[in-house]
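What follows is a short report on a single structure.
Order of appearance sets the numbers: ligands from 1, and atoms from 1 within every ligand. Along the sequence shown, the residues carry numbers beginning at 1.
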Amino acid sequence: MRKPILLSGIQPTGKLHIGNYVGALSNFVKLQNSGKYECIFFIVDLHSLTQEFEPKEKRKHILDLVADYLAAGIEPKQSIVALQSQIPAHSELTWILSTITPIGELERMTQFKDKSARQEENINVGLFTYPILMAADIILYDAAFVPVGEDQLQHLELTRTLVRKFNSKFGKTFVEPKPILTQFPRVMSLSDPMHKMSKSEPAGCIFLDDSPAEIEAKVKRAVTDSGSEIAFDEAKKPAISNLLQLYSAVAEKPIPLIEEQYKRKTYSEFKAKLAALIAEHLAPFRAKKEKLQAQASKLTTVLTSGSKKAAKRAEKKLTEVKEKLGISL
Ligand code: AMP
Ligand code: TRP
């Protein structure tokens, strides 16, 4: 029997932060290594065009993200690593799906509302139809599982709605994908524990490329709650709870054990250890990424060959879709 398909994607918009890593990328690697899935990981460059960008920098951001994938442990011999824009079927299916997507469904999307508020001078139509392209990315490959952070659940729900709608209108064609979340699917900003860690607010981020000194400085500066107890309580102590979850994720240790360990310790002792743990955890990643970045042609080859493999599958699916719609000759 064929293994179920697992698929995800990340936008090439610059450096990844530890929220991307703990919420998504580290899980891509674990799931790949479980051997239970056939994995496809995209660099979703078309999605990234919805935010302001410098064309001169785009290629670098794309190759850097391939380096991030490989440095984290994605194995191109085992998983397909592909560039979304190289596969025209994604854009074509997006159009087709847009004709069965109610505008109201898109208007409800939290990410659209957030991004429109953040980039008032550039509220483009792509920002609005972004979730349809994401649905196309997923269902073109019959993906059954999609590992993502919590902020993408609403988009996946829309994907599932579109699958049901298409299948009931035109006959069973697509698979309804299920999300896979990590233990910590929503990492909060270090400077504001009420907001998720996000590239658009770099002060609250730990980037995967940060040096140990930068990590130490950022964790030291992280806001804390009133009181001095190191205890998990998301409602009353959101800041320390966020740091405890980060600790738990990088040390792979349950939170109660960490609370016990720091019962009579201070915030500053806890923070110093957390910073050291993060730096240590990311050290092999940083070293591997640096090496990979010096091998641009290797990174390009990974993408070219992965995109070819993905395109073959996508074209086949799109042909089936056109037949179902009655638009094939
Ligand atoms: P993006 O950079 O928006 O393409 O996001 C890449 C992946 O990281 C997606 O699966 C997001 O859900 C996930 N992600 C982004 N920010 C966070 C966060 N603060 N906590 C957990 N996961 C996140
Ligand atoms: N929308 C996702 C994000 O902002 C990225 C994405 C695009 C994606 N296509 C996808 C994620 C397909 C999973 C599957 O993070």
Q: Answer yes or no: is there a donor N or O on one side and an acceptor on the other, between the side chain of S85 and the main chain of D45, under 3.5 Å?
A: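 Not at all, since once roles are kept as given, no pair shorter than 3.5 Å links the two residues.
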Q) Do the side chain of K36 and the main chain of L31 share a donor and acceptor less than 3.5 angstrom apart? A)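 It does not hold such a pair.
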Q: Quick one, list the residues around ligand 1 where some non-hydrogen atom comes in under 4.0 Å, by chain and residue number.
A: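 Protein residues near ligand 1 are I10, Q11, H17, G19, N20, G23, A24, V148, G149, D151, Q152, P185, R186, V187, K196, M197, K199.
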Q: Using a strict 4.0 Å threshold on nitrogen-to-oxygen distance, state whether E320 and K324 make a salt bridge.
A: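 Yes, charged N to carboxylate O under 4.0 Å.
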Can you confirm if the aromatic rings of [Y] and [X] lie within a centre distance of less than 6.0 Å?
X    : Y    : value
Y247 : Y262 : yes
F42  : H47  : no
F112 : Y130 : no

Q.
Nearest 0.5 Å, please: how far is CG in L106 from CD in Q111?
A.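 Nearest 0.5 Å value for the CD-CG distance: 12.0 Å.
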Q: Supply the atom-to-atom distance E157 CD to E105 CD, rounded to the nearest 0.5 angstrom.
A: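 These two atoms lie 9.5 Å from each other.
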(Q) I'd like to know whether CD of Q183 has more than 12 heavy-atom contacts from other residues, nucleotides or ligands below 6.0 angstrom. (A)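 Open.
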Q. Heavy atoms under 4.0 Å from ligand 2: which residues qualify?
A.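 For ligand 2, the contacting residues are L7, S8, G9, Q11, V44, H47, Y130, M134, D137, I138, V146, V148, Q152.
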